Asker: 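Provided herewith is a single structure, encoded as structure tokens, for subsequent inquiry.
No experiment lies behind these values; they were computed from the predicted model shown. We count ligands from 1, going down the list as the structure has it; atoms in each ligand are counted the same way.
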Amino acid sequence: MSEPFTPIREIGEFGLIDRLQAILGEPTDPDLIMGIGDDAAVYRLPDQETVHVITSDALLEGVHFDRLITPLEYLGYKAIAVNVSDVAAMNAEPRYATITLGLPSKISVEMAEALYRGIRRACEKYGLVLVGGDTTAAHTLCISVTVVGEARIDEIVFRRGARPGDLLCVTGDLGAAYAGLKVLLEERKALKAEGLNYKPDLEPFRYVIQRQLLPEARLDVIRDWRQRGLRPRAMIDISDGLASEVHHLCRHSGCGALVHAAAIPVALETRDVADRFSEDVDTYALFGGEDYELLFALPPDQLERLDPLSFNVIGEFLPAEQGIQVQTPEGALIPLEPAGYQHFRSGGDGEADLLE
Ligand code: ADP
Ligand code: MG
């Protein structure tokens, strides 16, 4: 009998992680507070008051970025920022990073240095130190980063913890990184067709392109909260898209939710891009990924204690039986599908998932 062969796309990224987790079994380590299943793992230090969080995220050429439209310095910055975002989503401070580089022969020493200038800039900005890694030859450019962060045990915020009646809140604006990707892919097409004669005018798209190429982790927001002595009840960062992350928060918290599409903050430039492509901007905001904003649950009586400019209320948590719904700007209530960016779901071999 031949071995069964289940294509990974049949169960998807999260289905695969569940299967792999089942092989590992439940960890029994007494210091482990959170293993697989949140934005970062959390373990207790011997003083019993401090915890470390640890998270890894990789950026792969052809899957997460295309070299033609991605300056290497920005790529280095983004590789750190997306990991810091997961640390921020635990309400912790990043401390140390390691990095594994897979370098194809078309990458020169100078290019690797450019990548590292971006990495250094992000480390300075977020206050962490790169302390090591590994370097290997590879067929395409791969950057895998691990970040360790630190917090007091009572500061940590998990994906679980939201309760019916809590407000569903988000920092910044959504959909811009996806809009930036749309513009960049269009530019890539023109660049390929017209070669060096092509003179792009990207000025009208400055904001959305920056959101795609140079995202920021919202450490500024969690630092502000810490100063005010505030802590949301549950939190996640938006990497795969709002809809997918709402589902994660609800599943872990045992809640339902209602999202008001009209309340989702969207930048004017993002609307312009959606118009240009004759697409619905709500789709960008709900399902476009890589915003790296924070999505969190706040008890209504805490609302006045937050800086109102730093976030928007976009819905509320409900009892689980009420499901997860979105109210369209026209007022209709429809189920919010957990769609968003998921590896293996779209492409054949996971290659060029994002780009084709
Ligand atoms: P995020 O989008 O916040 O980075 P992911 O969706 O990538 O989170 O991962 C969800 C959870 O699954 C995290 O706890 C992560 O550490 C874990 N995870 C992802 N891939 C693996 C793997 N190959 N082996 C073990 N754990 C994994
Ligand atoms: Mg995350």
Asker: Would you say Thr171's side chain and Leu294's backbone share a donor-acceptor pair under 3.5 angstrom?
Answerer: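 Yes: the side chain of Thr171 pairs with the backbone of Leu294.
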Asker: Check Arg228 with Asp224, please: is the shortest side-chain N to carboxylate O separation under 4.0 Å?
Answerer: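 A salt bridge links Asp224 with Arg228.
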Asker: Centroid separation under 6.0 Å, is that true for the rings of His247 and Phe14?
Answerer: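 No, the ring of Phe14 stays outside the 6.0 Å limit from the ring of His247, centre to centre.
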Asker: Do Phe296 and Trp225 have their ring centres less than 6.0 Å from each other?
Answerer: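 That pair passes the under 6.0 Å test.
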Asker: Using a strict 4.0 Å threshold on nitrogen-to-oxygen distance, state whether Arg218 and Glu293 make a salt bridge.
Answerer: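 Glu293 and Arg218: salt-bridged.
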Asker: Check whether the side chains of Lys78 and Gln212 place a donor and an acceptor atom closer than 3.5 Å, and report yes or no.
Answerer: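 A pair is found: one side chain offers a donor N or O, the other an acceptor, under 3.5 Å apart.
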Asker: Give the residue, atom name and distance (to 0.1 Å) of the protein heavy atom nearest atom 8 (O) of ligand 1.
Answerer: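 Of the protein heavy atoms, Arg159 NH2, 3.8 Å lies nearest.
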Asker: Looking at ligand 1, is there an atom of it that comes within less than 4.0 Å of some heavy atom belonging to Met90?
Answerer: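 Contact check Met90 vs ligand 1: negative.
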Asker: In terms of residue, atom name and distance, what is the protein heavy atom nearest to atom 6 (O) of ligand 1?
Answerer: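 The answer is Phe14 CE2, 3.4 Å.
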Asker: In Asp39, the N, O or S atom nearest to the Mg ion (ligand 2) is which?
Answerer: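 The closest N, O or S atom of Asp39 to the Mg ion (ligand 2) is OD1.
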Asker: Does any donor atom in the side chain of Tyr207 or Asp272 lie under 3.5 Å from an acceptor atom in the other side chain?
Answerer: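 No - no donor-acceptor pair under 3.5 Å links their side chains.
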Asker: Which of the numbered atoms in ligand 1 are below 4.0 angstrom from a heavy atom of Ser239?
Answerer: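 Near Ser239, the atoms of ligand 1 are 2 (O).
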Asker: My understanding is that we take every heavy atom of each candidate and find the minimum distance to atom 9 (O) of ligand 1. Doing that for Ile17, Val82, Ile238, which one comes out nearest?
Answerer: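 The nearest heavy atom belongs to Ile17.
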Asker: Is the closest basic N to carboxylate O distance between Glu93 and Arg223 below 4.0 Å?
Answerer: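 Here Glu93 pairs with Arg223 in a salt bridge, since their nearest N and O are under 4.0 Å apart.
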Asker: Does the protein place any heavy atom closer than 4.0 Å to atom 3 (O) of ligand 1?
Answerer: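 Given the 4.0 Å limit, the answer for atom 3 (O) of ligand 1 is yes, a protein heavy atom qualifies.
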Asker: My question is simple, although I want it checked carefully: is atom 17 (C) of ligand 1 less than 4.0 angstrom from any protein heavy atom?
Answerer: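 Yes, there is one.
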Asker: Please list the nearest protein heavy atom to atom 25 (C) of ligand 1 with its residue and the distance rounded to 0.1 Å.
Answerer: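 The closest one turns out to be Ile36 CD1, 3.6 Å.
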Asker: Atoms of ligand 1 less than 4.0 Å from Asp39 heavy atoms?
Answerer: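 This gives 3 (O) as the contact atoms.
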Asker: Any protein heavy atom sitting closer than 4.0 Å to atom 22 (C) of ligand 1?
Answerer: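 No, because not a single protein heavy atom sits under 4.0 Å from atom 22 (C) of ligand 1.
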Asker: Should the ring pair Tyr126 and Tyr77 be called parallel, tilted or perpendicular, given that the plane angle runs from 0 to 90° and is split at 30 and 60?
Answerer: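 If you compare the ring of Tyr126 with that of Tyr77, the planes turn out tilted.
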Asker: Among all the protein's non-hydrogen atoms, which is closest to atom 15 (C) of ligand 1, and how far away is it?
Answerer: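 Answer for atom 15 (C) of ligand 1: Asp38 O, 4.5 Å.
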Asker: Is there any N or O on Ser56 that sits under 3.5 Å from an N or O of ligand 1?
Answerer: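 Checking ligand 1 against Ser56, no N or O pair falls under 3.5 Å apart.
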Asker: Any N/O/S of Asp86 under 2.8 Å from the Mg ion (ligand 2)?
Answerer: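 Given the 2.8 Å cut-off, Asp86 counts as a ligand of the Mg ion (ligand 2).
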Asker: What is the name of the N/O/S atom in Asp237 that sits closest to the Mg ion (ligand 2)?
Answerer: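 Checking each N, O and S atom of Asp237, the shortest distance to the Mg ion (ligand 2) belongs to OD1.
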Asker: Salt-bridged, Glu269 to Arg211, with N to O below 4.0 Å?
Answerer: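 Looking at Arg211 together with Glu269, the answer is no, because their closest N to O distance does not fall below 4.0 Å.
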Asker: Is the number of heavy atoms from other residues, nucleotides or ligands within 6.0 Å of CD (Glu124) greater than 12?
Answerer: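 Above 12, so yes.
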Asker: If you have a sec, work out which protein heavy atom is nearest atom 11 (C) of ligand 1 and how many Å separate them, to one decimal?
Answerer: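 Here the nearest protein heavy atom works out to Gly37 N, 3.8 Å.
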Asker: Write out the residue and atom name of the closest protein heavy atom to atom 7 (O) of ligand 1, then the distance separating them to 0.1 Å.
Answerer: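 The protein heavy atom lying closest is Glu13 OE2, 4.1 Å.
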